[in-house]
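Basis for what follows: all heavy atoms, side chains included, without hydrogens, waters or symmetry-related copies.
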Amino acid sequence: IQTEMADATQDLHKYISQYKGEIRVAKLKSLALEDRDIAEKALNEALKISKEMGRVGYYNDIYTLVEKNPLLKHVNLTPKDKAWARKFEQEYKQKSAAKEKDITKAISSHMRDTIRLEYLNAGDISWEYGNARDSYRNFGKAFDVSWESKDSLQSAIKASISSIYLDNYGYIYRYCETLPDFESIEDPQINVLLALFGLGLIVNERYEKAISILLRINPDNISLVNTVMTETDLVCLLLLCLLSSCSRRQMREYAKNPTLAGLLENQPIFQHMITDFLNSKYLDFSKALFQIPEMMRFDINLNQKCVYLIDRIMKKAICQYITPYKTIDLHKMAKELGLSLDQLESTLVSLSASRMINVKVDSHNKILFAKTDDLKTRSFLNALQKGKQYIYETEEALLRMKCTKSDLRLKPQEGAVIGKIADLALDQGLMDFFQLIRNYLLLSLLYHP
């Protein structure tokens with residue numbers, strides 16, 4: 001157990017070192033709430049990063065979290081540096097109070113650009129001291145009073161990162177929905193906002209939109225995006241969204257995309273995943289697919305989404321696998337898909353219950369039988385039905401023609417007859433009786449004009 005914990009600790013440090021900036025604290029904090037085994041290491045690492053960056057707000061939040069959350073009572077944090085925290089808290093309060101006065105003065109002067117700059121400065125102060133709520137509020141207000149897209153960019157990025165720290169991806173939409181306005185900006189930081197928007201879309205299950213947004217990230221500026229995600233994260237998320245939500249035709253089109261092709265070249269493990277799926281090379285495909293959760297196991301929000309998407313992708317692969325066959329050996333199928341026999345059987349039962357496939361599973365002999373329709377019988381029954389419908393419509397037309405020729409008009413009393421017929425329609429026996437009368441009238445008019 002100690003060896004496993006040491007490995008997890010080493011992996012955690014390696015994982016978090018891929019990122020830069022405040023996003024590291026947010027990820028470590030979320031991880032501690034989900035995994036008790038490495039919570040202590042994660043929170044102590046978050047304390048160290050917060051102190052190095054001078055983010056006293058994040059620093060205090062971690063101690064408050066452990067104090068108030070009963071699930072973290074076992075965590076032993078490094079002793080709090082109260083003198084350091086007090087010093088930075090006082091500095092923050094003084095700077096924040098002074099900036100509030102400047103903002104009030106700017107508002108009273110009705111100078112919009114001055115108001116924007118003051119809110120930006122207030123946001124920078126909150127950002128510098130790690131107060132996520134104040135940071136989100138101030139950058140949000142700076143965004144609201146911005147005239148041009150280029151002025152809004154930094155506000156949108158920092159407000160969005162603050163919203164991730166607050167564990168609310170929904171806030172990201174407020175800033176990223178105006179993304180078309182940002183396309184005219186040549187600032188490389190636009191790639192960071194694209195990455196944030198893609199994350200928000202994935203968390204809210206808008207996968208096809210997320211693909212189009214993430215593919216607009218410039219590969220030459222990928223190093224800037226590691227304040228939000230790594231290149232490996234980007235490739236994994238693109239593949240999961242693409243394989244789970246796109247048709248085969250769409251996959252072929254995306255496989256030709258130069259941006260995606262360039263990203264896959266830098267990730268040899270995943271380079272052939274799309275073509276392996278399209279060419280039914282299921283074993284190679286599943287080996288690459290099952291490495292994604294391991295690579296993202298420390299990313300709590302996205303790891304949970306990865307597990308869900310991988311389940312969807314495997315169900316899609318199973319549906320594709322059984323399509324050409326009438327009978328399949330489950331042992332062979334499980335081996336080719338990289339699943340255990342129990343996993344395969346439970347997935348087949350789930351797919352059959354949801355009517356995604358029409359199969360019968362012989363659990364004793366481990367054989368799958370595909371229930372295919374008898375095309376000849378179905379075609380014959382359809383022809384009979386069409387013939388009956390034709391005869392019925394022809395008789396109706398002849399009856400109407402004879403009635404017209406005999407100058408017969410049916411004029412039921414308003415409401416009464418209609419209501420009675422509606423009531424009588426509930427009785428199948430009476431409906432059969434009316435059908436008999438109809439046929440009698442039809443024959444009478446045809447043969448006794």
To the nearest 0.5 angstrom, please state how far the [atom1] atom of [X] sits from the [atom2] atom of [Y].
{"X": "L237", "Y": "Y207", "atom1": "CG", "atom2": "OH", "value": "10.5 Å"}
{"X": "N60", "Y": "F88", "atom1": "CG", "atom2": "CZ", "value": "11.5 Å"}
{"X": "I62", "Y": "L28", "atom1": "CD1", "atom2": "CG", "value": "8.0 Å"}
{"X": "E205", "Y": "L309", "atom1": "CD", "atom2": "CG", "value": "8.0 Å"}

Any idea which heavy atoms bring [X] and [Y] closest together, and the distance?
{"X": "E208", "Y": "S245", "result": "OE2-O, 3.4 Å"}
{"X": "E67", "Y": "K73", "result": "O-NZ, 3.0 Å"}
{"X": "A32", "Y": "A42", "result": "CB-CB, 4.3 Å"}
{"X": "E253", "Y": "R249", "result": "OE2-NH1, 3.0 Å"}
{"X": "L214", "Y": "L194", "result": "CD2-O, 4.2 Å"}
{"X": "L43", "Y": "V75", "result": "CD1-CG1, 4.1 Å"}

Side chains of [X] and [Y] only: does a donor on one sit below 3.5 Å from an acceptor on the other?
{"X": "D81", "Y": "Y59", "answer": "no"}
{"X": "N138", "Y": "K99", "answer": "no"}
{"X": "K95", "Y": "Y129", "answer": "yes"}

Is it the case that the side chain of [X] and the backbone of [Y] share a donor-acceptor pair, with hydrogens and angles ignored and the cut-off at 3.5 Å?
{"X": "R24", "Y": "G21", "value": "yes"}
{"X": "T275", "Y": "H272", "value": "yes"}
{"X": "R312", "Y": "S244", "value": "yes"}
{"X": "S126", "Y": "A122", "value": "yes"}
{"X": "K316", "Y": "L243", "value": "yes"}
{"X": "N365", "Y": "I367", "value": "no"}

Pick from K335, E336, Q320: which one makes a side chain to side chain donor-acceptor pair (under 3.5 Å) with Y282?
->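 Of the listed options, the one satisfying the test is Q320.
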Kindly indicate whether a cation-pi arrangement holds for K27 with Y19, taking the cut-offs as under 6.0 Å to the six-membered ring centre and within 45° of the axis.
->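 Checked: cation-pi criterion met.
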Given side chain to side chain donor-acceptor pair (under 3.5 Å), test N266 with E231 step by step and report yes or no.
-> CA-CA 9 Å; N266 297 329; E231 185 176 357; 3.0 Å; yes
Short N-O contact, R137 and D134, less than 4.0 angstrom |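 So R137 pairs with D134 through a salt bridge.
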Lys/Arg-Asp/Glu bridge criterion (N-O < 4.0 Å) met for E345, K366 =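 A salt bridge is present here (some side-chain N lies under 4.0 Å from a carboxylate O).
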